[in-house]
Structures are given as C-alpha cells and as structure tokens.
Amino acid sequence: MISSPPIDPGWFAGQDTVGMARRLLGQLLVHDTADGLAAGMIVETEAYQGPLDQAAHSFGNRRTRRTEVMFGPPGHAYLYQIYGRYVCFDVVSGPVGAPEAVLVRAIAPVENLPLMTRRRGVGAESAIGSGPGKLTQALGITMAENGLPLWQPPLYLAHYRDPWPSQAIAAGPRRNIPYAGDAQGYPWRFWIRGHPSVSRPSGATAES
DNA sequence: TTGTGGATCGCCT
DNA sequence: GGCGATCCACAAG
C-alpha cells in the first residue's frame, strides 16, 4: 500500500536541475486513474538545462507550444510525444523563466504490478518501467496530464525511502542525443547502480 | 547475443 | 517536409 502522502510543494523550489535529477532517485511516482492507482520508484533520470544545453528542447530559450510548460514554475509535469507513439515524462525544475527539466528515464514497479503489466503487455517485471516510453505506458500517463502539478493527485511524487548513499548513484552521458554536439558528453544521466529496472540500449546486460 | 529497420504523427522550420 | 530525450520484432551468426 502507499503510505507516503504527496511530496511538499516546497521540495521543488530552490534546487538546481542536476541536484534534482539526483534527488529524484528513490522517490515514488504515483498516478491514480479510473483503472486504479499505480506507482513506481524512480531509478534513472536525466537533467536538461535549458538555454545552454544543446540536447534540451529549450536550447537557446526556444519557447514554443511544446516547451511552454518548462518556462513555468518547478514541480509541474512536462510531457511530450516522441516518434508519434510514445510519451515522455519530465519534472520541471528551476525558477520561473528558466526552461529546465528532469527526464525520468526508468521506474521500478512498486504498487499495482498487475495493472502495469496489463498496460504494458509484457511479462518481465524488469521490462515494465525500464525506459521513458515504457514507464508512462505502465502508469497510464498521457499528454492530457501535461502541466499538472506534481504535489497532488492524480499525478504526484511521494517520498519512498531515504536518500541513496552517493556511491549507490552512478552518473554518465545521456542517451540518444546524437544531435547535441558537445552536450552529448555531459554526465547528466543518473541511475541507481546495478538496478534491474535501469534502461538499456537494446537488451544488453545491466550496467553498473 | 547483437544489430538493424519499421512504426507513426505532432511539432517546428 | 523532415525528424525525434523510443520500443519492439526479427534476422543473422
């Protein structure tokens, strides 16, 4: 059962985006729908730092219909569709006017595995949330939730466990941003070392 | 086990 | 008109 209430709105303010990417690891992402409540623990994130980050949608302060939410206050959901079929989930970070966000790349199932398995159509538990398009499908997150605050139902974050010791967190380059020039190498992807639900390039062995 | 290609469509130029 | 912060099926070895 979910014992943790939604996170305090103040949690989102005053943290830099990389710090938020690290501190989101181990938090619970919860979505309550007509089909039921489902939740997973965040095990992999990526920081996208607005104007100066060539990998970010908001590079150069690009402000469009899609990126608009990122220019608003932190703690809201930035959702976008990719390849016409998948939805990716970000947490808006930084002060108003700073278009920064943290992409949640992977979750581990915690609550309502049967519902998440049905939505995903796969058997293996480690495949339920081990990718940005997978976790939104597992939790039933759609573009309709774009811009929602993440400190209240139906879509919210909740404390789940104590912060990980720093040696349990690994950092490395972000995935799938070949267009990003120098930013390709920035070590702004964070994951829980050795966790089976961390995303993998194709199906290879888990990285440490 | 690893690599390749197809799906699919909204958003931006 | 082109492409993407992806995923999966399938083929080759």
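Order of the sequence lines sets the chain letters (A, B, ...), proteins ahead of strands, with each chain counted from 1. Note that these values count all heavy atoms, side chains included, but never hydrogens, waters or copies made by symmetry.
The nearest whole Å value for the distance from the CZ atom in A:Arg119 to the C1' atom in C:dC7 is 18 Å. Remark: P of B:dG3 and CZ of A:Arg200 are 15 Å apart, rounded to the nearest angstrom. Straight-line distance from the CD1 atom of A:Ile128 to the P atom of C:dC7: 13 Å, rounded to whole Å. In this structure, A:Asp90 places its CG atom 14 Å from C1' of C:dT6, rounding to the nearest Å. Atom OH in A:Tyr78 sits roughly 16 Å away from atom P in B:dG10 (whole-Å rounding). For A:Arg63 and B:dT13, the CZ to P distance is 15 Å, given to the nearest whole Å. To the nearest angstrom, P of B:dC9 lies 19 Å from CG of A:Leu79. Nucleotide C:dA5 holds its C1' atom 15 Å from the CZ atom of A:Phe190, rounded to whole Å.
Residue pairs meeting the side-chain hydrogen bond (donor to acceptor under 3.5 Å, both in side chains) criterion with at least one member in residues 31-43 of chain A, sequence neighbours excluded: A:Thr33-A:Arg119.
Looking at heavy atoms from C-beta onward, A:Met41 lies in side-chain contact with A:Arg161 at the 4.5 angstrom threshold. The side-chain heavy atoms of A:Arg63 and A:Glu68, taken from C-beta on, include a pair separated by under 4.5 Å. Contact check for A:Asp16 versus A:Gln49: no side-chain heavy atoms found under the 4.5 Å cut-off. Between A:Leu135 and A:Leu29, the closest side-chain pair of non-hydrogen atoms falls below 4.5 Å. Contact of the A:Phe190 side chain with the A:Leu24 side chain is not registered, since no non-hydrogen atoms from C-beta on lie closer than 4.5 Å. For the pair A:Thr17 and A:Tyr48, the minimum side-chain heavy-atom distance is 4.5 Å or more. For the pair A:Val69/A:Val92, a side-chain contact is recorded, criterion being any heavy-atom separation below 4.5 Å from C-beta on. You'll find the side chain of A:Tyr78 reaches within 4.5 Å of the side chain of A:Arg66, heavy atoms only.
Nucleic acid contact for A:Arg105: sugar-phosphate only, since backbone atoms but no base atoms lie under 4.0 Å from a heavy atom of the residue. Residue A:Leu103 is classed as a base contact, given a heavy-atom separation below 4.0 Å to a base.
At least one donor-acceptor pair closer than 3.5 Å links the side chain of A:Arg193 to the backbone N or O of A:Gln167.
Residue A:Glu46 forms a salt bridge (Lys or Arg N to Asp or Glu O under 4.0 Å) with just one option from A:Arg22, A:Arg175, A:Arg174, A:Arg105, and that option is A:Arg105.
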Table of protein N/O atoms under 3.5 Å from nucleotides 10-13 of chain C N/O atoms:
none

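The side chain of A:Arg62 places an N or O atom within less than 4.0 Å of a non-bridging phosphate oxygen (OP1 or OP2) of B:dT13. Checking the phosphate oxygens (OP1, OP2) of C:dT6, a side-chain nitrogen or oxygen of A:Asn176 falls inside 4.0 Å. Within the 4.0 Å cut-off from OP1 or OP2 of C:dC8, at least one side-chain nitrogen or oxygen of A:Arg120 is found.
DNA chain C is contacted by A:Gly131, A:Pro132, A:Gly133, A:Lys134 of residues 129-137 of chain A, taking any non-hydrogen atom closer than 4.0 Å. For the segment residues 81-88 of chain A, residues with any heavy atom less than 4.0 angstrom from an atom of DNA chain B are, sorted by number, A:Gln81, A:Tyr83, A:Gly84, A:Arg85.
Consecutive Watson-Crick or G-U pairs involving DNA chain B, each under 3.5 Å on both distances, make up stems of three or more pairs at B:1-7 with C:6-12, B:9-12 with C:1-4.
Within 6.0 Å of the OH atom in A:Tyr160, the count of heavy atoms belonging to other residues, nucleotides or ligands does not exceed 12.
The aromatic rings of A:Phe12 and A:Trp151 sit tilted relative to each other, their planes meeting at an angle between 30° and 60°.
Residues passing the side-chain contact (heavy atoms from CB on, under 4.5 Å) test with A:Ala124, sequence neighbours excluded: A:Ser126, A:Ala127.
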